[in-house]
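Labels below follow one simple rule: chain letters A, B, ... track the order of the sequence lines, proteins then strands, and each chain is numbered from 1.
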There are 2 protein chains.
Amino acid sequence: MTETAPRPTLEAVAARAGVSRATVSRVVNGSEGVRERLAERVRRAVEELGYVPNQAARSLVTRRHDAVAVIVAEPETRVFADPFFARQLRGISKELTAHDNQLVLLLTEDRDDHERVGRYLAGGHVDGALVFSLHIDDPLPGLIQRAGLPTVFGGRPDWSGGRGDVVYVDSDNRGGARDAVRHLLGLGRSRVAHITGALDQTSAVDRLDGYRDVMAGADPRLVVEGDFTAASGERAMRELLGRCPGLDAVFAANDLTAAGALRVLREHGRRVPEDVAVVGFDDMLPIAEQTEPPLTTVRQDIEEMGRLMARLLLRELDRTTGTDGPPSGVVLPTTLVRRASA
Amino acid sequence: MTETAPRPTLEAVAARAGVSRATVSRVVNGSEGVRERLAERVRRAVEELGYVPNQAARSLVTRRHDAVAVIVAEPETRVFADPFFARQLRGISKELTAHDNQLVLLLTEDRDDHERVGRYLAGGHVDGALVFSLHIDDPLPGLIQRAGLPTVFGGRPDWSGGRGDVVYVDSDNRGGARDAVRHLLGLGRSRVAHITGALDQTSAVDRLDGYRDVMAGADPRLVVEGDFTAASGERAMRELLGRCPGLDAVFAANDLTAAGALRVLREHGRRVPEDVAVVGFDDMLPIAEQTEPPLTTVRQDIEEMGRLMARLLLRELDRTTGTDGPPSGVVLPTTLVRRASA
DNA sequence: CTGAAAGCGCTAACAG
DNA sequence: CTGTTAGCGCTTTCAG
């Protein structure tokens with residue numbers, strides 16, 4: 001049954017309905033101005049024949065594809081270490097679907113992939129792109145710029161010297177970090193350490209900045225660099241315990257890191273939160289609820305971020321004319337979720 | 001800069017190289033039989049103009065899209081609760097990319113989505129489909145069958161009365177479960193309980209069957225139904241403790257469930273593995289290594305599953321003629337990973 | 001080995 | 001309001 005039954009064409013429907021192709025096209029595309037009687041006849045013919053428009057033919061003339069590329073730059077540890085990625089995709093998918101757009105997923109791992117992606121984007125298969133997980137000096141933005149595709153970034157890109165017209169959606173990493181640290185301070189802690197994320201990503205830098213906003217003038221040895229993995233959380237925690245045995249709180253750049261830190265704390269006989277209070281970031285459910293004790297953390301609405309990215313892009317695509325660019329950056333709020341660890 | 005620079009066409013390249021469109025097409029598509037001198041000239045022209053073929057135009061005539069749909073049926077708890085999904089996607093993406101195929105992601109949530117997916121598939125946008133997470137009596141297979149698209153399923157579909165020509169890739173769930181239970185028995189345990197997964201999925205049923213293979217004749221109260229979530233693991237564990245206080249081992253249908261069980265065990269003062277040994281399934285890293293104690297579990301190579309699915313589909317698509325169908329089912333082996341919990 | 005010509009299925013002016 | 005007429009950019013016989 002590999003026989004691909006030759007699908008009916010517009011022509012066939014037109015013949016059956018006794019009208020011209022143009023009329024069928026109008027009905028199918030919902031154009032106004034077709035007498036109801038005819039429209040009805042056409043609809044019946046479509047139904048009977050099981051007609052489905054050929055997208056390739058349509059794209060050829062409209063130059064629209066109703067498809068958006070989602071580009072995820074790997075190896076992005078977080079992407080495959082937690083459900084972050086899936087959540088965001090879900091948000092994007094929902095929004096895209098609601099507007100009859102398809103989601104073309106492009107995962108990139110190395111240089112070659114970048115070239116491939118560049119070619120793909122240039123090939124005009126999609127109307128726009130959603131891009132994630134940029135690291136500092138990633139070549140992707142350049143490639144995309146060159147392809148001249150409307151693009152929305154997930155997470156603030158690190159273009160310090162940047163042009164102002166970059167559209168992105170980000171969480172309020174800095175504000176969330178401040179909340180976390182203030183919460184710790186509010187608990188009466190004073191020697192609050194911070195385990196950072198991978199500092200080649202703006203999210204990690206922003207969280208560190210938030211920490212510093214509140215802890216200005218604190219002992220710099222209270223900050224140790226991590227990379228968002230649980231392993232880095234363990235390593236960093238050990239180092240912290242060695243350097244500053246007196247610390248009484250830790251703000252970890254994400255939940256995975258916090259989980260690692262928690263383990264080391266327990267190993268060393270420090271009780272959480274009695275001796276050391278711990279706060280994470282992300283509120284990655286299967287992690288945050290699973291730790292011992294459950295993690296107090298900063299939640300960001302991942303799915304909403306995805307949805308918003310898609311919405312911004314679609315809006316941009318629909319702007320047939322009006323040249324008033326969309327907002328260049330949207331920052332979503334975060335909320336502190338209190339569990340047992342702090 | 002929304003000006004979409006009109007991309008060069010075959011025509012333009014032909015003009016520049018001083019040949020016909022047909023010749024350019026041959027060179028671009030790597031057809032044999034173009035004098036090297038001309039071919040070279042064409043390649044240069046392509047390079048200079050930055051020509052990239054228009055896929056829509058090409059598809060219109062070839063009826064190939066070099067694109068594959070990946071359909072994930074939600075709400076599939078596991079999909080968003082663990083990195084399973086991402087891993088599998090990565091495997092698929094790699095394989096597809098290696099063969100210049102694109103990945104179109106279709107997430108479905110409810111009835112409406114099914115219709116939409118059916119339309120999409122029928123619309124001839126993709127050459128084939130990869131389908132995941134089928135539950136019993138999911139309408140998807142029917143829709144796909146109707147669209148007449150070559151398809152490979154992830155996980156054995158539950159078509160008991162089924163036609164023999166279903167192609168799927170699955171893990172050896174039953175064998176893995178047997179290994180897990182035997183391991184427990186080998187540890188000297190005898191009252192081995194099982195917390196099942198969602199029994200409307202074949203993976204859960206197969207794991208239960210594996211358990212029964214080894215524990216034939218065991219007290220039926222040792223089996224409690226779960227649904228692959230950590231919450232169900234907690235609930236089930238509580239129930240088990242109530243029913244069979246003497247149990248000395250638990251085989252959980254997946255790591256998340258095991259993590260939940262572990263928590264309840266600790267709550268009740270049972271030491272793991274001394275009092276109760278626990279084995280999970282999946283080897284979902286961020287979970288399995290994070291539990292207290294780290295989880296002994298059955299590992300399946302998720303990424304390889306994805307890669308294999310893609311490979312089977314591509315092979316099917318390339319079969320221009322030979323009607324010897326591909327293997328109807330491929331089952332990948334699992335391995336027991338020993339950590340501290342058993 | 002290369003070019004000319006005929007569409008693939010659809011939309012979008014433009015007439016009527 | 002509806003039909004006619006051109007293509008969109010590319011592949012693919014079929015001649016030469």
In whole Å, what is the span from the CG atom of Leu60(B) to the P atom of dT11(C)?
12 Å
Got a donor-acceptor contact below 3.5 angstrom from the Asn101(B) side chain to the His99(B) backbone?
yes
Closest to the side chain of Leu38(B), out of dC10(C), dG9(D), dT2(C), is dT2(C)
Can you tell me how far CG of Leu149(B) sits from CG of Asp127(B), rounded to the nearest 0.5 angstrom?
8.0 Å
Nearest-Å distance for atom pair CG/C1', residues Leu10(B) and dG3(C)
14 Å
It should be established whether Thr23(B) places a side-chain nitrogen or oxygen under 4.0 Å from OP1 or OP2 of nucleotide dT2(C).
no
Is there a donor and acceptor pair closer than 3.5 Å between the side chain of Arg26(A) and the base of dT11(C)?
no
Determine: side-chain N/O of Ser25(A) to OP1/OP2 of dT11(C), distance under 4.0 Å, yes or no.
yes
Phosphate oxygens OP1/OP2 of dC1(D): is one of them under 4.0 Å from a side-chain N or O of Arg35(A)?
no
Side-chain donor/acceptor contact of Arg21(A) with base of dT11(C) under 3.5 Å
yes
State whether Asn29(A) places a side-chain N or O below 4.0 Å from either non-bridging phosphate oxygen (OP1 or OP2) of dT11(C).
yes
Looking only at dC10(C), dC8(D), dT12(D), the nucleotide nearest the Tyr51(A) side chain is dC10(C)
Are OP1 or OP2 of dG9(C) and a side-chain N or O of Thr9(A) less than 4.0 angstrom apart?
no
Figure out the CG/P separation between Asp66(A) and dT11(C), and round it to whole Å.
11 Å
Would the distance check show the side chain of Thr97(B) and the main-chain N or O of Ser93(B) forming a donor-acceptor pair, the cut-off being under 3.5 Å?
yes
Considering just the side-chain nitrogens and oxygens of Arg63(B), establish if one lies under 4.0 Å of OP1 or OP2 belonging to dG9(C).
yes
Ala22(B) has its side chain closest, among dT2(D), dG9(D), dG3(C), to dG3(C)
Flag, side chain of Thr62(A) to backbone of Arg58(A), donor-acceptor distance under 3.5 Å
yes
Is the backbone N or O of His114(A) less than 3.5 Å from a side-chain atom of Thr108(A), with the two atoms forming a donor-acceptor pair by type?
no
Could you say whether Val61(A) or Val34(B) is positioned toward the 5' end of DNA chain C, judged by the nucleotide with the nearest heavy atom to each?
Val34(B)
